[in-house]
Amino acid sequence: MAEKARQVKDFSFMQSTVYIEDILNHRANDGTEVTLQGWLYHKRSSGKLLFLLVRDGTGIMQCTLFKPSLDAKTVEAAEGLSQEASLTITGTVHKDDRAPGGYELQVSGVTPMGSSVDYPITPKEHGPEFLMDYRHLWLRSKNQHAILRIRHTIIKAIRDFFDNRGFTLVDTPIFTPAACEGTSTLFETDYFDTKAYLTQSGQLYAEAGAMAFGKAYCFGPTFRAEKSKTRRHLTEFWMVEPEVAFADLADNMVLAEQFLEYIVQTVLKDRAEELTTLERDTTKLENVKAPFPRVHYDEAVKILKEAGLPFEYGNDFGAPDETAISEKFDRPVIIHHYPSAVKSFYMKRDPGEPDKALAMDILAPEGYGEIVGGSQREDDYEVLLARIKEHKLPAEAFDWYLDLRRYGTVPHSGFGLGVERTVAWICGLQHVRETIPFARMIHRLKP
RNA sequence: UGCUCAGUAGCUCAAUGGUAGAGCGAUCGGCUGUUAACCGAUAGGUUGUAGGUUCGAGCCCUACCUGAGCAGCCA
């Protein structure tokens with residue numbers, strides 16, 4: 001703890017202010033006078049006592065005023081504060097078990113800053129639609145703090161994982177000249193009198209990165225214009241896509257399972273408090289350790305048949321199918337060798353099973369569905385060109401992509417992980433809309 | 001786009017076809033230890049829109065608007 005305190009001190013840049021987390025983490029001593037700057041979270045009174053709950057983004061501190069021992073002006077200022085009004089408050093730190101967090105501030109002075117009249121979000125219940133309308137204010141509440149801090153940790157874990165393994169970050173473009181996969185509906189924009197589309201995947205560019213750096217990854221927003229209205233879909237979401245030269249499907253699966261294990265174990269270690277706030281049952285997350293079960297498509301179909309689900313061999317799995325399969329396992333499950341017909345043009349087919357692609361998806365437990373999709377890529381120029389034509393894609397748009405096969409082609413593999421679905425799963429949320437600060441959905445472009 | 005459901009006070013919700021209500025929030029008052037405090041009072045409504053049935057519609061019917069859940073698409 002002392003080590004941590006020193007570290008924070010060294011990086012401090014706010015000379016005049018103490019943060020609430022400093023007090024709660026015992027970095028400010030009992031009996032010292034401090035000044036906090038923050039917002040009023042809640043107010044309660046009991047006769048001559050006034051309790052102000054002040055938040056500053058790092059924590060919540062109960063501030064206590066005994067009215068008779070303060071001047072009238074200070075009391076008036078404190079009583080005039082409403083929910084989410086901003087303030088500067090000075091007082092003495094006291095350890096008190098009756099205070100939430102074990103510490104409170106015995107107030108000597110209050111200076112109101114910005115007023116807050118009729119703050120829309122009250123401490124009681126609200127519906128999701130109302131809260132999403134006030135998302136810019138909803139971010140101030142406790143559960144949203146927990147979710148977005150976990151998101152922050154997941155994103156940091158993603159970067160650390162690849163950075164520590166010698167991957168190079170290759171940022172891929174958001175404006176693209178054509179569909180990456182040719183399937184999804186894309187957002188179209190006017191680009192100096194020609195059409196450009198918002199990217200639905202950085203993968204093709206990440207492949208160029210892998211041929212340049214051996215191990216590369218891209219990480220950025222992606223866009224899908226499908227009119228999806230489910231708890232698993234956003235029109236704008238973040239995806240990380242590693243791509244590795246000389247890696248085959250088996251290597252790809254090992255990378256993906258180690259990656260997911262690292263993310264989940266990092267969150268369990270660094271965000272235990274936030275998971276408690278969200279009342280997440282962490283026993284199911286503790287299981288997330290490699291190796292994950294590997295299930296061939298044919299086996300997965302057998303599981304569905306045994307479960308009595310109506311499923312036609314050769315189709316891709318629907319959401320209820322994915323749930324049924326994932327329920328059979330206590331950790332994420334890797335499904336591989338999907339029928340080539342239901343997968344993208346760039347996925348290499350297995351020479352031993354020509355109707356199957358060297359593809360793999362990872363299904364998260366507890367019904368959270370597909371969080372990873374990946375494959376070994378087609379590395380043969382002629383085959384890839386034929387596949388582009390089969391899918392009726394404009395070959396001229398892919399000339400640069402074909403160059404990757406023309407000049408020193410190698411076997412290579414990669415996958416994409418959806419950040420919001422991962423956050424929803426780890427946090428145990430019902431809907432991905434809370435996993436990103438400002439969600440974009442078919443009926444939501446604001447705030 | 002299809003199926004299902006919903007729309008009543010600022011918010012969350014009640015109200016057999018028969019006088020539109022509660023809790024929270026707001027405002028005022030009370031209480032020296034509150035923990036989503038508690039107690040008392042006050043204000044707050046064109047029941048999503050338009051039409052229809054009926055002596056009478058928040059409730060029944062039709063259309064429309066808005067949104068949600070599920071499906072498809074996918075991460």
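Chain identifiers are assigned alphabetically (A, B, ...) following the order of the sequence lines, protein sequences preceding nucleic acid strands; residue numbering begins at 1 within each chain.
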Expressed as a whole number of Å, how far does the [atom1] atom of [N] sit from that of [M]?
N: U46(B); M: G23(B); atom1: C1'; answer: 25 Å
N: A22(B); M: A14(B); atom1: P; answer: 16 Å
N: A9(B); M: U47(B); atom1: C1'; answer: 10 Å
N: C24(B); M: A43(B); atom1: C1'; answer: 15 Å
N: G48(B); M: C5(B); atom1: C1'; answer: 16 Å
N: G25(B); M: U12(B); atom1: C1'; answer: 11 Å
N: G17(B); M: C60(B); atom1: C1'; answer: 8 Å
N: G44(B); M: G2(B); atom1: C1'; answer: 42 Å

[N]: pairing nucleotide in any strand, Watson-Crick or G-U under 3.5 angstrom:
N: U34(B); result: none
N: U46(B); result: none
N: G29(B); result: C39(B)
N: G7(B); result: C65(B)
N: C70(B); result: G2(B)
N: U19(B); result: none
N: C60(B); result: G52(B)

From C-beta outward on [X], which listed nucleotide comes closest to its side chain: [options]?
X: Arg433(A); options: A71(B), G33(B), G69(B); result: G69(B)
X: Phe51(A); options: C31(B), C73(B), U34(B); result: U34(B)
X: Arg224(A); options: C74(B), C31(B), A71(B); result: C74(B)
X: Phe130(A); options: U12(B), A75(B), A71(B); result: U12(B)
X: Arg98(A); options: A75(B), G33(B), G72(B); result: G33(B)

Could you give the [atom1]-to-[atom2] distance, from [X] to [N], as a whole number of Å?
X: His42(A); N: G25(B); atom1: NE2; atom2: C1'; result: 11 Å
X: Arg44(A); N: C31(B); atom1: CZ; atom2: C1'; result: 15 Å
X: Ile436(A); N: A75(B); atom1: CD1; atom2: C1'; result: 12 Å
X: Lys229(A); N: U4(B); atom1: NZ; atom2: C1'; result: 11 Å
X: Ile335(A); N: A75(B); atom1: CD1; atom2: P; result: 15 Å
X: Asp96(A); N: U34(B); atom1: CG; atom2: P; result: 11 Å
X: Asp118(A); N: U27(B); atom1: CG; atom2: P; result: 8 Å
X: Leu417(A); N: C74(B); atom1: CG; atom2: C1'; result: 14 Å

Looking for any heavy atom pair under 4.0 Å, which part of the strands does [X] touch: base, sugar-phosphate only, or nothing?
X: Val372(A); answer: sugar-phosphate
X: Ser45(A); answer: base
X: Gly318(A); answer: sugar-phosphate
X: Glu236(A); answer: nothing
X: Ser228(A); answer: base
X: Leu234(A); answer: base
X: Ile371(A); answer: sugar-phosphate
X: Pro120(A); answer: nothing
X: Gln83(A); answer: nothing

Side-chain H-bond candidate by donor/acceptor type, [X] with [Y], under 3.5 Å:
X: Thr153(A); Y: Arg271(A); value: yes
X: Glu241(A); Y: Ser201(A); value: yes
X: Arg387(A); Y: Ser340(A); value: yes
X: Thr435(A); Y: His431(A); value: no
X: Tyr205(A); Y: Asp171(A); value: no

Are any of [X]'s side-chain N or O atoms less than 4.0 Å away from OP1 or OP2 of [N]?
X: Arg232(A); N: A71(B); value: yes
X: His443(A); N: G67(B); value: yes
X: His431(A); N: G69(B); value: yes

Between C11(B) and His126(A), counting only base atoms on the nucleotide and side-chain atoms on the residue, is there a donor-acceptor pair under 3.5 Å?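 Under the 3.5 Å cut-off, the side chain and the base do not form any donor-acceptor pair.
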
Quick check: any donor-acceptor pair below 3.5 Å linking the side-chain of Gln430(A) to the base of G69(B)?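 No, no donor-acceptor pair under 3.5 Å.
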
Would a line drawn from the ring center of Phe311(A) to the ring center of Phe317(A) be shorter than 6.0 Å?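 Yes, the ring of Phe311(A) comes within the 6.0 Å limit of the ring of Phe317(A), centre to centre.
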
Measure from NZ or CZ of Arg159(A) to the centre of the six-membered ring of Phe162(A), then state whether that distance is under 6.0 Å and the direction lies within 45° of the axis.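 No - Arg159(A) does not lie over the ring of Phe162(A) by the 6.0 Å and 45° rule.
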
Asp270(A) with Lys156(A): basic N within carboxylate O range, under 4.0 Å: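 Salt bridge between Asp270(A) and Lys156(A), a charged N being under 4.0 Å from a carboxylate O: no.
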
Quick check: on RNA chain B, is the nucleotide nearest Arg444(A) upstream (toward 5') of the one nearest Gly373(A), or the reverse? Name the residue that is more 5'.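 The 5'-side residue here is Arg444(A).
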
5' priority, RNA chain B, between Trp238(A) and Lys43(A) [closest heavy atom]: Lys43(A)

Contact summary for Leu278(A) and Asn143(A), nearest pair of heavy atoms: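 For Leu278(A) and Asn143(A), the tightest heavy-atom pair comes out as CD2-O, 3.8 Å.
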
